[in-house]
Amino acid sequence: MATLEFTRRYAMAHRLLATKSAKCAIPHGHNEFVTVRLEPEHRFQFSDANSVAPFDVVKKRWHQWIDEHVDHALHLGEADPLIGYFRDNEPERLSQIMTFQGDPTTEALAACFWLKLSAFIADDKLPFILREVRIEETPTNTVIINHTNFDPRTCGLRAGAWPWRADMSINDF
Ligand SMILES: [Zn+2]
């Protein structure tokens, strides 16, 4: 099997409070692309199928999550008072809020994507290793997470938070 990459586009909004940037503290949005790279556990060998069949499985679940839950989500830090606003006034929209431990930066989003996709792969028992998550935030700004700059075991995200779970969640409400 060969190394595989696939890309999905989504719209999102966020704001960054801890970062102390006035420009980023107002809610604003980006149209982003996420590209993930998966490497098969085994080397390619000719066979009857010559196929990477399980790839379709992981792609389908990942893209379903992106399309139905990540697209058009509002990304907020867990301490953001806007969460209280929605809880009190528009609770029906809480399911469209993606929450973050700390500021909802693109780096944090890439780490959450890594954990979520890893959970899907493990849950489906697919013979792939996640090698890279890349988010193109703007045409001139890309964030890359890989094993040299990210280790799930030491990343500091609390146990049980939504990125660890192999479900469609984007928050812990
Ligand atoms: Zn932004």
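The first residue in the sequence is number 1, and the count goes up from there. The figures here come from the full heavy-atom set of this structure, side chains too, leaving out hydrogens, waters and symmetry mates.
- The distance from atom CZ of Phe128 to atom OG1 of Thr3, rounded to the nearest 0.5 Å, is 9.5 Å.
- Residues Pro152 and Leu115 have side chains in contact (heavy-atom distance under 4.5 Å, counting atoms from C-beta outward).
- Checking each of Thr105, Thr106, Asn31 against Glu137 for a side-chain hydrogen bond (donor to acceptor under 3.5 Å, both in side chains) leaves exactly one that passes, namely Thr106.
- Between Ile145 and Phe113 there is no side-chain heavy-atom pair separated by less than 4.5 Å.
- For the atom pair Arg165 CZ and Phe120 CZ, the distance stands at 11.0 Å (nearest 0.5 Å).
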>> Show, in sequence, the C-alpha distance, side-chain angles and deciding distance for Leu38 and Trp62, and conclude whether the side-chain contact (heavy atoms from CB on, under 4.5 Å) test is met.
In response: CA-CA 12 Å; Leu38 299 177; Trp62 173 245; over 6 Å; no
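- Distance check, rounded to the nearest 0.5 Å: CD1 of Ile135 to CZ of Phe33 gives 12.5 Å.
- Atom SG of Cys112 is separated from atom CD1 of Ile170 by 11.0 Å, given to the nearest 0.5 angstrom.
- Between Lys60 and Asp124 there is no salt bridge, since none of the side-chain N atoms of the basic residue sits less than 4.0 Å from a carboxylate O of the acidic one.
- Across all their heavy atoms, Ala110 and Val143 have their closest contact at CB-CG1, 4.1 Å.
- Hydrophobic clustering, with ILVMFWY side chains joined whenever heavy atoms are under 4.5 angstrom apart, keeps Leu16 apart from Leu157.
- At least one donor-acceptor pair closer than 3.5 Å links the side chain of Asp103 to the backbone N or O of Leu17.
- Proximity of Gln101 to Arg158: side-chain heavy atoms (C-beta onward) are separated by under 4.5 Å at one or more points.
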> Going through the checks in order, is the side-chain contact (heavy atoms from CB on, under 4.5 Å) test met by Val70 and Met98?
Replying inline: CA-CA 8 Å; Val70 175; Met98 182 183 280; 3.9 Å; yes
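- Glu32 places a side-chain heavy atom less than 4.5 Å from the side chain of Leu109.
- A donor-acceptor contact shorter than 3.5 Å is absent between the side chain of Lys116 and the backbone of Ala111.
- The side-chain heavy atoms of Trp65 and Arg61, taken from C-beta on, include no pair separated by under 4.5 Å.
- Phe100 CZ to Asn171 CG: the interatomic distance, rounded to the nearest 0.5 Å, is 10.5 Å.
- Contacts of His28 classified as ring-ring contact (aromatic ring centres under 6.0 Å, His included), with partners at least two apart in sequence or in another chain: His14, His30.
- Closest approach of Pro163 and Ala119 over heavy atoms only: O-CB, 4.5 Å.
- Side-chain contact between Arg134 and Glu5: present, with at least one pair of heavy atoms (C-beta onward) separated by less than 4.5 Å.
- Residues Glu136 and Thr138 share a closest heavy-atom pair of CG-O, 3.3 Å.
- Using a 4.5 Å cut-off between side-chain heavy atoms of Ile, Leu, Val, Met, Phe, Trp and Tyr, Ile83 falls into a hydrophobic cluster with Leu74, Leu76, Leu82, Tyr85, Phe86, Leu94, Ile97, Phe173.
- Atoms CG and CZ, on Asn146 and Arg37 in that order, are 8.0 Å from each other to the nearest 0.5 Å.
- For the residue pair His63 and Phe6, the shortest heavy atom distance occurs at NE2-CD1, 3.2 Å.
- Under the 3.5 Å distance criterion, the side-chain polar atoms of Asn149 are matched with a main-chain donor or acceptor of Ile144.
- At a threshold of 4.5 Å between side-chain heavy atoms, the hydrophobic network of Ile, Leu, Val, Met, Phe, Trp and Tyr places Leu117 and Ile129 in two separate groups.
- For Arg15, the side chain to side chain donor-acceptor pair (under 3.5 Å) test picks out Asp80, with sequence neighbours left out.
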